[in-house]
Amino acid sequence: MADEFGSWLYAVTDGTPGEWLRGASGVGGQPVRTVAVAGLTAAVTSVSLAEFGEEPLRRNLENLAWLEAAARRHHHVIEIIARHAPVIPIRLATVYRGDEGIAALLSARRRDFAASLGRVSSQTEWGVKMYAAQPRAAPGQPAAASGPPGGVPEASAGGAAAGAATGSGGAGAAYLRRRRQQVVAAKDARQAAVASAQAIHATLGRLATAALLRAPQGAQLSGQASPMVLNAAYLVPDERASEFGAAARKLADVHPGVIIEPTGPWPPYSFAAVDQHEMAGPQAAAGPAV
Amino acid sequence: VNAGARLPDAVQHEQIALVDLLDRVLGGGVVITGEVRLSIADVDLVTISLRALVSSVGSSLARGGEGDLAS
């Protein structure tokens, strides 16, 4: 097919992002344009449908290098706008057939966008990831037994053969007992961490205009050995941002069983949608999603 | 001990961790529906992309981490 183009949509704002975006590099390394209708402006980039059409897009999203480049440029454009004006970030990979579709969208949903922009105005999103701290070893015990002492095979320790080598309650049995204690301690620590994380979430939520829980990142993705117990997002008024930061630091000291990892400030990715502005209860501390 | 407790005082990240970025741009952002659009991210897209992410980091991961007797 001939080279056809679509319009990649980044964000909608009631500011005037034309100048701010001059020279910015959008998806595919292409420049960023604006489409303005009825007091709203959309940031867009023309993209080749050979790469960004529905089928190729689906394939490209499975390619991590491609996905990362697109995600970083998408975020880059949104962040530039967010520095100057209220912004509604649009979900990655939203492609229109052309600017007319985007213009139609702006005028059809003008009121929704305006309301949403009003809600996020002068506020930023903060992420707070909470992990269960690894349980500390009891005094006099090694932090983690790396193997049975003296090379006693684990499988034989509980059997009759174990007594022959070390006597009952020997090294092998002691090893097993210690391991069992460690597992219990880890489980207790995790439960305590979940409770602490919920308390932290409640406290931080009181400083925020809105709060919600995202699915915890799996250990594989988070890069942390400890399990993530809570993945929270908060919409924080600019004038309360430093208070929020101080509160997070203080809470980390009060709850040593939880490792707190803040991210942000972010454009309001989690809070610009129409129906997401309610406080989510601190309940979703279930296992990691992925 | 609590190494993660520092809050970056709005000093901006040189490079945001990819997993946090994808958490936002795929898991957040406004989803718009309508016939004029050509394609859009949906729940499906999150799955697709996380699969790409997991398979790419999977090979370089430390196996297991702290031992868990349940395994």
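When reading the values below, keep in mind they use all heavy atoms of this one structure, side chains included, and skip hydrogens, waters and symmetry mates. Chain A is the first sequence line, chain B the second, and so forth, proteins listed ahead of strands; every chain is numbered from 1. Here the structure is a predicted model, which means the values were calculated and not measured.
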Subject >> Separation between CG of A/L67 and CG of B/L21, rounded to the nearest 0.5 Å >> reply: 8.5 Å
Original post:
How about A/R72 and B/L18: do any of their side-chain heavy atoms sit closer than 4.5 Å?
Top reply: yes
**OP:** Hey, could you give me the CD/CG distance between A/E261 and B/D20, rounded to the nearest 0.5 Å?
**Re:**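 Going from the CD atom of A/E261 to the CG atom of B/D20 covers 7.0 Å.
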Subject >> Interface moiety of A/K129 toward chain B, non-hydrogen atoms closer than 4.5 Å >> reply: side chain
Original post:
B/I32 versus A/L9: any side-chain heavy-atom pair under 4.5 Å?
Top reply: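 When only atoms from C-beta onward are counted, A/L9 and B/I32 do touch, with a gap below 4.5 Å.
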Subject >> Interchain contact, A/L251 with chain B, by part (heavy-atom threshold 4.5 Å) >> reply: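 Looking at A/L251, nothing touches chain B.
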Subject >> Set of residues satisfying side-chain hydrogen bond (donor to acceptor under 3.5 Å, both in side chains) with respect to A/S107, sequence neighbours excluded >> reply: none
Subject >> Nearest heavy atoms of A/I90 and B/V30, plus distance in Å >> reply: CG2-O, 3.5 Å
Original post:
What closest approach, in Å, do A/Y269 and B/R24 show between heavy atoms, and which atom pair accounts for it?
Top reply: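 In terms of heavy atoms, the two residues are closest at CD1-CG, 3.2 Å.
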Original post:
Nearest heavy-atom pair of B/V25 and A/H75: which atoms, and what distance?
Top reply: CG1-CB, 4.3 Å
**OP:** Evaluate side-chain contact (heavy atoms from CB on, under 4.5 Å) for A/N231 paired with B/D23, printing each intermediate quantity in order.
**Re:** CA-CA 10 Å; A/N231 186 12; B/D23 210 9; 3.0 Å; yes
**OP:** Give, as side chain, backbone, both or neither, the part of A/Y10 having an atom under 4.5 angstrom from any heavy atom of chain B.
**Re:**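 When you check distances to chain B, no heavy atom of A/Y10 falls under 4.5 Å.
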Original post:
Which region of A/A233, side chain (C-beta onward) or backbone (N, CA, C, O), has a non-hydrogen atom less than 4.5 Å from a non-hydrogen atom of chain B, or is it both or neither?
Top reply: both
